[in-house]
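Contents: one structure, followed by commentary.
Proteins get letters first, then strands, A, B, ... in listed order; numbering begins at 1 in each.
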Protein chains: 2
Amino acid sequence: MKQSTTKSASLGRPSGRDSEKVRRDLLESARDHFLKRDFKAVSLREIASSAGVNGAMVNYYFGGKKGLYLAMVDELFESLDEKMRSLSDSSEFSIADFSHSYCLLLAENPWWPNFIVREILFSEGETKEEVLQRFSKMIAPKLLHAIGQEVEDGNYREGLNPELTLMSLMGMAIFPFLAAPMIERVFGMKIDESMANKLAEHNVALFMNGVVNQKQQVTEGTGS
Amino acid sequence: MKQSTTKSASLGRPSGRDSEKVRRDLLESARDHFLKRDFKAVSLREIASSAGVNGAMVNYYFGGKKGLYLAMVDELFESLDEKMRSLSDSSEFSIADFSHSYCLLLAENPWWPNFIVREILFSEGETKEEVLQRFSKMIAPKLLHAIGQEVEDGNYREGLNPELTLMSLMGMAIFPFLAAPMIERVFGMKIDESMANKLAEHNVALFMNGVVNQKQQVTEGTGS
DNA sequence: AGATTTATTAATTAATCGTTTAATTAAATA
DNA sequence: TATTTAATTAAACGATTAATTAATAAATCT
């Protein structure tokens, strides 16, 4: 019922619309939604509506909901790959410098830990494997080697396990951003760029020298 | 475990069935499913079928899907609360001891970080707030105070920020378990109890004294 | 100008979900 | 023993979902 003579003003191809922009809008809307809620919990219509288009556009441009999701994942990883490369390709590479830059990078892209953890821990398998592979080849080998080298050179403690050390380093850097909603509640602390700066310095200092007051007691037992 | 359709003979109240067991089976099945996949991604029928009963039983015993989920959350938190209390109520409380026990506790309950992060980061708000409140009152205040005390006593470096320090400590301890699937892939390292023991020792040593070889160089500049 | 292609929405479809209801039977009660 | 209550399933319901189709009109091509 209805319609007939009433020319629905919004039917048919709109005039002067940039279809590439529609594509980008959909990707952006998808990122906004999928980063906050689960794949199943987000509906096609919701995403499309936020992008200002009909839900059928998702099928038109991306072949379906899953297609849009994978396109979004690809996009995120590309921007991430690029930034990580520029970070680890600096001429003079040191763990401390890397750790510091890494913290700032996370502050600029707070969606990243969230995204990685969600993909790897909670995704339904399909995308998981690919994501895991891309991530595992990114930086871990380089950092492991760098830590091993420091131990060999005698700069780091003898017997220090590179794998465990890298895990600690990653945990210290990533966890605050990952658990931001909890941190903000429990500590009453906003996770912004100024905080990231403090965190970066704190982390490097803790990583290098620990919490113990060295002026008071130098070289405690260390014999494990 | 799959009873499936036992044909028409299975109508009406079954003989000699323990209704309390059905309740427990449903809770267990719910935990198995909800810990692996999202709330929305798990269907009532799936849970019930795994427990060997009809989907309507979820409504009968728990008032609905959400009721079952909350009952499961309650159960998990109860077991967790109990264990955490016994950890922080030891007569002589030290950060190092706590950190060590905490690691071992995580190794025994690997679902925990997964669950917490999922609840806080990805849940749809309703349960989130309650979970956040319970968690925020658990141990954070006690640990913050303990760290502050160590600084005051001159055991920890002057100017050490207790909040940042606690974040680092939590990150070092939790991250390996949270990212276990990634760790196992990237480092070829199984996250089991033996590894948790090494990790615990490693973390305490790193937390206390850092990575720098103290025998060679004491207190480097670190001026950024 | 006319035909075709491209982009868009409304309407429809088929599946699935959580929930409700009705039927059914064992157990408990009187 | 007769009646009520408790526990269970199958079936149906209404809502919501992703996906498909048909209608429509601008853009583009011939």
What ring pair (Phe, Tyr, Trp, His ring centres under 6.0 Å) pairs are there with at least one residue in residues 25-51 of chain B, not counting sequence neighbours? B/Phe34-B/Phe39, B/Phe34-B/Tyr69, B/Phe39-B/Tyr69

Which atom pairs, donor and acceptor, lie under 3.5 Å between side-chain atoms of residues 14-22 of chain A and protein residues at least two apart or in another chain?
residue : atom : partner : partner atom : Å
A/Asp18 : OD1  : A/Glu20 : N            : 3.0
A/Lys21 : NZ   : A/Asp25 : OD1          : 3.4
A/Lys21 : NZ   : A/Asp25 : OD2          : 2.6

Kindly write out the residues that satisfy side chain to side chain donor-acceptor pair (under 3.5 Å) with B/Lys83, not counting sequence neighbours, or none if the list is empty. B/Asn109

Applying side chain to side chain donor-acceptor pair (under 3.5 Å), can you list everything that pairs with B/Glu163, at least two apart in sequence or on another chain? none

Can you measure A/Asp18 atom CG to D/dA26 atom C1' for me and round it to whole angstrom units? 14 Å

Which residues share a side chain to side chain donor-acceptor pair (under 3.5 Å) with A/Thr165, sequence neighbours left out: none

With a 4.0 Å limit, can you tell me whether A/Arg17 has a side-chain N or O closer than that to the phosphate oxygens OP1/OP2 of C/dT8? yes

Would you mind writing out the side-chain donor-acceptor pairs for residues 179-191 of chain A within the sub-3.5 Å range, not counting sequence neighbours?
residue  : atom : partner  : partner atom : Å
A/Glu184 : OE2  : A/Ile191 : N            : 3.3
A/Arg185 : NH2  : B/Glu129 : OE1          : 2.2
A/Arg185 : NH2  : B/Glu129 : OE2          : 3.4

Residues which pass side chain to side chain contact (heavy atoms under 4.5 Å, CB included) with A/Ala200, listed by chain and number, not counting sequence neighbours: A/His100, A/Cys103

Could you run down the sub-3.5 Å N/O contacts of the protein with nucleotides 4-6 of chain D?
residue : atom : partner : partner atom : Å
D/dA6   : O4'  : B/Arg13 : NH1          : 3.3
D/dA6   : N3   : B/Arg13 : NH1          : 3.4

In this structure, how many angstroms lie between the P atom of C/dT16 and the CD1 atom of B/Ile47, rounded? 17 Å

For B/Phe98, the ring-ring contact (aromatic ring centres under 6.0 Å, His included) test, sequence neighbours excluded, returns B/Phe93, B/Tyr102

Contacts satisfying salt bridge (charged side-chain N to carboxylate O under 4.0 Å, His left out) that involve residues 104-113 of chain A (not counting sequence neighbours) are none

Selection: residues 21-29 of chain B, any non-hydrogen atom under 4.0 Å of DNA chain C: none

Would you tabulate the nitrogen or oxygen pairs shorter than 3.5 Å linking the protein to nucleotides 14-20 of chain D?
residue : atom : partner : partner atom : Å
D/dA18  : OP1  : A/Val42 : O            : 3.3
D/dA18  : OP1  : A/Leu44 : N            : 3.1
D/dA18  : OP1  : A/Lys65 : NZ           : 2.9
D/dA18  : OP2  : A/Leu44 : N            : 2.9
D/dA18  : N7   : A/Arg45 : NH1          : 3.1
D/dA18  : N7   : A/Arg45 : NH2          : 3.3
D/dA18  : N6   : A/Arg45 : NH2          : 3.2
D/dA19  : OP2  : A/Lys65 : N            : 2.9

Between B/Arg37 and B/Glu46, is the closest basic N to carboxylate O distance under 4.0 Å? yes

Atom CE of B/Met57 to atom P of C/dT20: distance rounded to whole Å? 13 Å

